[in-house]
Amino acid sequence: MKKFKSATKMDYNFKEIEKKWQQYWEENKTFKTPDDTSNPKKYYVLDMYPYPSGAGLHVGHPEGYTATDIVSRYKRMKGFNVLHPMGWDAFGLPAEQYAIQTGTHPSIITNKNCDTFRRQIKEIGLSYDWDREINTTDPDYYKWTQWIFIKLYNTWFDFEQNKGRDIKELIVPADLVSKGSEAEKEYIKSKRLAYYDNAQVWWCNSCKIVCANEEVLTDGSHEKCGHTVEKKNLKQWMLRIHHYGDRLLQGLDGLDWQDGVKDMQRNWIGKSVGAEVDFTIDGLDEKIKVFTTRPDTLFGATYMVLAPEHELTKKITVKEQLENVEAYIKAAGLKSDLDRTDLAKDKSGVFSGRYAINPANNEKIPIWIADYVLTGYGTGAIMAVPAHDTRDFEFAQKFKLKINCIMDPETPDEDVRKAVLKGEMSWTEGGRYINSSNSQSGLDINGLDKAEGIAKAIEWLEDNKLGEKKVNFKLRDWLFSRQRYWGEPFPVIHWEDGEISLLEENELPLILPELEKFEPGNSGESPLSNAGDWLNVVDENGRKGRRETNTMPQWAGSCWYYLRYIDPLNTGAIFDKKKEKYWMPVDLYIGGAEHAVLHLLYSRFWHKVLFDLGIVSTDEPYTKLFNQGMILAFAYETQTGAKVGGDFVEQKESKFFHKETGEELKQIVAKMSKSLKNVVNPDDVTSKYGADSLRLYEMFMGPLDAAKPWDDKGVKGVFGFLAKAFRFFANTENITEEEDDKETLKALHQTIKKVESDIENLHFNTAVSAYMIFTNHVTKKGKVSKKTAETFALILAPFAPHLAEEFWQIYGHNDTLSYEPWPQVNESYLTEASFEYPVSFNGKMRFKLELPVDVDKAGVEKAALEDERTHKWLEGKTPKKVIVVPGKIINFVI
RNA sequence: GCGGAUAUGGCGGAAUUGGUAGACGCGCUAGACUUAGGAUCUAGUGCCGCAAGGCGUGGGGGUUCGAGUCCCUUUAUCCGCACCA
């Protein structure tokens, strides 16, 4: 008797299959994006490109990459022209630190890391168009980053038109023109979106670098290295992003982004509407301007507070208090932000000895200096209304200042109301004003509610020239320079006479010079200050100049990289206009939540500027944004909570023990980290189970946006599925020329429908289970038609492309299936002749009753009442009510 | 404190507009085949109970014929922001 085919022949040899198809795709340039812009169906799918670190790819990367790859492959089969590129955010600190340590040029290590990343990504079978690969450190790329910087420099924001305009169109007010060209220049400078100015900046002594506010954690440490940062005054490039605050806020409304991300951006922009009010000072010819969102509470303002750093602080302080105030300013300056936050509950402050006049009632109110008022927000000074602001209330209580209630609170709690009226509690909600009228000043809001009061108070301020309506943003200007070597050089020359000029477009790129030493200076000097010849320039008149030695931050390159993919080899322009118009906006952008605010906000800012200048065709760059969840891993800890590295853990039955001490350990879920020894390397997964298994498991783990733990057993599970699918679908003995039966056709079309809608909705986990259900069905049947097997190969292709191509070839096709049309769902296979009604009693399902679908409501009820099982559950009673929802459910109410 | 999210078996997770809770996978149990293997196949598997049956979606309350899903309230965890006037 003949033996069966040897088992090994039917083994799922993923190594051979995957290598073969990866080679095929590469050699045939299968995923080259057609430059044909005539196809009206286009789809731009973007990943957040990685920083190519020395550690290589991490299993978190392929999660988002697989998701976008599935969408890309699916859209191609749906007839879309798909742009799906990849590149490298390759400027960055680690390469520079490595250069400092070893003397190796950062580009060497960067290129090596890029090679590793590229190899690893190719081994996952992602369908990128590699001809469009970009690298932010490539002069042909950063030439255009510099070019955009010049645009920013030459643009101002016109609040009347609510858009950015060319600086040449800025009209300098006549009174400034008459003051001379210096005043004119200053005015223009004050409007440019990029400007060079003194800035108090965070300085990390360990990294020897300036950090953006956003890079300093709340505990006052540098996000990158953990060392405490300090304040330093340096000349820096700044970007006037806050002028775009409203535009950035408004733009969010129309975007298909997760609410969490939109809220984070709104919060960060932090728009608040209120008024600026001028307070005169008793016995001094100065005014203090404050910002308040509650001008209606002016009658309750019983004192004022200036931030310690406020410019008038020392000036207003009376002699007798000067010593105290100076000591306080000094102490506040030494406090880190952490201390200020920590002491939030225990407010500190010192009296200046001076009084201001409350314009509402002409009362003298004391001026205090306290660090609970921040320099960087509003005007750095406040009017304090302790009765209606919790912070002012705390401060007033501590320093026994007057608390003047001016609103009868709207609350059902009589105790609260009494306490507020007596000034024993602060009230920030609504109510009706009391004690808010003064015949001398002419302001009277008594009896009004909060909204009316605010409106009337602003009107009064403006009529009396005491203040005006004002909008404030938390968003501050963006500190845009770093004392680094490994970044884009600024196309800027500082002349000996103090003038600043920017390079012309034809002088770009300004290439980063070669250096021997990459260390920054100790006092905040960039490494480029050692660049010798590169540094010094002389113009045609013999005027000497020095190039800017700072470089741009890492954000710069990633602010616009999605635009360069559109036309990456263009040497004459940033991109071709027609191509930009065709491909933009990005239809789907997937990446990590860590970029929810900064990268996405900066990038939207640049994009809006480019839009206003007519360089791009859309106001927003990313139509749909989706943040993938973090991939976590199991870790182990002792009863006392000490973490134990994975290599010290052994499993006995379902419990975990320390290999050396024998102590029982608790399994927890934690971020992957070197110290916990729980990092999963994608290379290990692909070599053990293959790329298709990695892809499938990453999608099967759970919803894309959820944080979920990696479990090696789960990879084994999907590997088992792929092997099972291979054994069935790759064995031509199972493929017949006969027609499928109804159940198989139904199962197939259900699967097509499910996979299609799951991809559209980014519900990849349930699509994988649909494949499994179908495969389980056909393996039970034993045979399947060639048509059905081919259809299955096509719908499997986005998720497991290597295996799908293999099936396709086995079924006699010589070409890739990447551009085969996506199978059509035939609804007629999905309709059923009968429906199995769940029959419930008081909402509890008891049995099922199969009835033809065309039976009407009355018929269903009749059939259900006649069923003998119904009699049993009714126990002889007559049902009070019978609910029949055709095609859904039968419910008896007893 | 503010904003956002999450909570379902031993585990990861399913569940159109309120309509059969636990799909699919892991794990576990039993069996088949076997060059007794971490392969494959078959059956079972929410919990309690011999069974009939009862109980079950973090807790409490409500709306409804019917609630994982809607409303109120509460707890826990995670993420972001944090004296922003």
Side-chain angles (χ1 to χ4, degrees), chain A residues 7 11 218 258-268 270-272 274 290-294 297 305 337 340-341 343-345 347 370-374 376-385 388-392 394-395 428 472-476 593-594 596-597 627 629-630 632 634 653-654 667 669 696-697 700-703 705-718 720-721 723-724 727 757 763 765-773 776 779-780 836-848 879-885 887-894:
Chain A
D11 270 352
T218 30
Q258 286 140 305
D259 285 337
V261 185
K262 284 196 193 181
D263 283 334
M264 271 197 254
Q265 294 221 345
R266 287 193 186 105
N267 195 349
W268 195 265
K271 178 179 178 172
S272 59
V290 303
F291 173 70
T292 176
T293 53
R294 297 290 307 274
T297 60
V305 184
D337 271 13
R340 284 200 181 188
T341 311
L343 296 172
K345 279 173 201 142
K347 290 199 165 42
D371 67 1
Y372 83 93
V373 171
L374 310 173
Y377 184 77
T379 61
I382 61 158
M383 61 176 215
V385 186
H388 305 288
D389 181 287
T390 44
R391 298 153 301 183
D392 297 343
E394 275 171 36
F395 191 82
T428 58
N472 229 312
F473 291 94
K474 271 202 263 181
L475 185 66
R476 318 229 184 126
E594 65 274 21
V597 178
N627 286 139
M630 200 185 312
L632 308 169
F634 293 119
E653 284 156 18
S654 57
Q667 189 184 51
V669 170
L696 217 59
Y697 176 62
F700 189 56
M701 289 173 85
D705 56 346
K708 45 217 175 262
W710 185 274
D711 185 358
D712 224 44
K713 291 197 190 89
V715 194
K716 230 178 88 183
V718 294
F721 156 70
K724 185 175 177 175
R727 283 194 300 275
S757 77
H763 294 164
N765 52 332
T766 45
V768 177
S769 98
Y771 294 136
M772 290 171 169
I773 292 167
N776 289 343
T779 46
K780 265 186 197 129
E836 210 174 33
Y837 277 93
V839 184
S840 15
F841 296 80
N842 287 338
K844 285 199 167 62
M845 205 279 289
R846 296 304 182 181
F847 63 87
K848 284 174 186 168
K880 283 186 201 142
K881 204 170 170 186
V882 184
I883 313 278
V884 174
V885 184
K888 285 266 185 208
I889 200 168
I890 303 165
N891 190 21
F892 288 94
V893 186
I894 314 169

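Being a predicted model, the structure only gives us computed values, none of them experimental. All heavy atoms count here, side chains included; hydrogens, waters and symmetry mates do not. So you know, we letter chains A, B, ... as the sequences are listed, proteins then strands, and number each from 1.
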Novice: Using only atom types and a distance under 3.5 Å, with no angle test, would you say the side chain of K708(A) pairs donor to acceptor with the backbone of P703(A)?
Specialist: yes
Novice: Rounded to the nearest angstrom, tell me the gap between atom CD in E394(A) and atom C1' in G1(B).
Specialist: 10 Å
Novice: Could you please name the option among G4(B), A14(B), C83(B) that lies closest to any side-chain atom of D263(A)?
Specialist: G4(B)
Novice: Any donor and acceptor pair, going by atom type alone, linking the side chain of Q258(A) with main-chain N or O of N627(A) inside 3.5 Å?
Specialist: yes
Novice: Tell me which of G720(A) and K474(A) sits closer to the 5' end of RNA chain B, going by the nucleotide each one is nearest to.
Specialist: G720(A)
Novice: Pick out the pairs of N or O atoms, protein on one side and nucleotides 45-53 of chain B on the other, that lie under 3.5 Å.
Specialist:
| unit_1 | atom_1 | unit_2 | atom_2 | d |
| --- | --- | --- | --- | --- |
| G53(B) | OP1 | K872(A) | NZ | 3.4 |

Novice: Quick one: K271(A) NZ to A85(B) P, roughly how many Å, whole number?
Specialist: 13 Å
Novice: Side chain of L374(A): nearest nucleotide among A85(B), C65(B), U42(B)?
Specialist: A85(B)
Novice: For the C1' atoms, the ones on C55(B) and on G9(B), what distance do you get once it is rounded to whole angstrom?
Specialist: 14 Å
Novice: Rounded to whole angstrom, note down the C1' distance from G66(B) over to C2(B).
Specialist: 38 Å
Novice: Find the partner of C50(B): check Watson-Crick (N1-N3 plus N6-O4 or O6-N4) and G-U wobble (N1-O2, O6-N3) distances, both under 3.5 Å, and reply none if neither fits.
Specialist: none
Novice: Taking the same atom, P, in A21(B) and in G54(B), what whole-Å distance lies between them?
Specialist: 13 Å
Novice: Is S840(A) reaching over with its side chain to a backbone N or O of I889(A), donor-acceptor style, under 3.5 angstrom?
Specialist: no
Novice: Using the P atom on both, measure C72(B) against C83(B) and round to a whole Å.
Specialist: 30 Å
Novice: Please measure how far the P atom in G62(B) lies from the corresponding atom in U69(B), and state the result in whole Å.
Specialist: 14 Å
Novice: I would like to know whether F291(A) and S272(A) meet side-chain contact (heavy atoms from CB on, under 4.5 Å); could you show each step before the answer?
Specialist: CA-CA 10 Å; F291(A) 173 70; S272(A) 59; 3.8 Å; yes
Novice: Give none if U64(B) has no partner; otherwise give the nucleotide forming a Watson-Crick or G-U wobble pair with it, both distances under 3.5 Å.
Specialist: none
Novice: Atom CG of D705(A) and atom P of G12(B): how far apart are they, to the nearest Å?
Specialist: 16 Å
Novice: Could you tell me which nucleotide pairs with A15(B) by Watson-Crick or G-U wobble geometry, both distances under 3.5 Å, or answer none if nothing does?
Specialist: none
Novice: When rounded to the nearest 0.5 angstrom, what distance separates CD1 in I382(A) from CZ in F395(A)?
Specialist: 8.5 Å
Novice: Take atom NZ of K708(A) and atom C1' of U77(B), then tell me their distance rounded to the nearest Å.
Specialist: 17 Å
Novice: Could you measure the distance from the CG atom of D711(A) to the NZ atom of K716(A)? Nearest 0.5 Å is fine.
Specialist: 10.5 Å
Novice: Name all residues meeting the ring pair (Phe, Tyr, Trp, His ring centres under 6.0 Å) criterion together with F700(A); count only those two or more places apart in sequence or in a different chain, and write none if there are none.
Specialist: none
Novice: Searching all strands shown, indicate the nucleotide that pairs with G44(B) (Watson-Crick or G-U wobble; both distances under 3.5 Å).
Specialist: C28(B)
Novice: When you check the glycosidic angle of G27(B), does it come out syn, meaning within 90° of 0, or anti?
Specialist: anti
Novice: For T779(A) and R294(A), take the nucleotide of RNA chain B holding the closest heavy atom to each; which residue's nucleotide lies nearer the 5' end?
Specialist: T779(A)
Novice: Take T297(A) and M383(A) through the test side-chain contact (heavy atoms from CB on, under 4.5 Å) and record every step on the way to the result.
Specialist: CA-CA 9 Å; T297(A) 60; M383(A) 61 176 215; 3.7 Å; yes
Novice: Considering Watson-Crick and G-U wobble pairs with both distances under 3.5 Å, what does C81(B) pair with?
Specialist: G1(B)
Novice: For U69(B), what is the paired nucleotide under Watson-Crick or G-U wobble rules, both distances under 3.5 Å?
Specialist: none
Novice: Rounded to the nearest angstrom, tell me the gap between atom OH in Y377(A) and atom P in A82(B).
Specialist: 13 Å
Novice: Mind calculating the distance between NZ (K347(A)) and C1' (A85(B)) to the nearest angstrom?
Specialist: 11 Å
Novice: Taking the C1' atom of each, how far is A23(B) from U73(B), in whole Å?
Specialist: 33 Å
Novice: What integer distance in Å separates K262(A):NZ from C79(B):P?
Specialist: 24 Å
Novice: Looking at N891(A) and G843(A), would you say the former's side chain and the latter's main chain have a donor-acceptor pair under 3.5 Å?
Specialist: yes
Novice: Do K347(A) and Y372(A) form a cation-pi contact, if we require the NZ or CZ to be under 6.0 Å from the six-membered ring centre and within 45 degrees of the ring's axis?
Specialist: yes
Novice: Which base sits across from A39(B) as a Watson-Crick or G-U pair, both distances under 3.5 Å?
Specialist: none
Novice: Aromatic ring centroids of W710(A) and Y697(A) under 6.0 Å?
Specialist: yes
Novice: Expressed as a whole number of Å, how far does the P atom of A14(B) sit from that of G4(B)?
Specialist: 23 Å
Novice: For G53(B) and G59(B), measure between their P atoms and round to the nearest Å.
Specialist: 26 Å
Novice: Charged N to carboxylate O under 4.0 angstrom, D263(A) versus R266(A)?
Specialist: yes
Novice: Grab the CZ-P distance between F634(A) and G12(B) for me, whole Å please.
Specialist: 7 Å
Novice: Tabulated below should be each protein N or O lying under 3.5 Å from an N or O of nucleotides 19-27 of chain B; please produce it.
Specialist:
| unit_1 | atom_1 | unit_2 | atom_2 | d |
| --- | --- | --- | --- | --- |
| U20(B) | O2 | K848(A) | NZ | 2.8 |
| G25(B) | OP1 | N776(A) | ND2 | 3.2 |

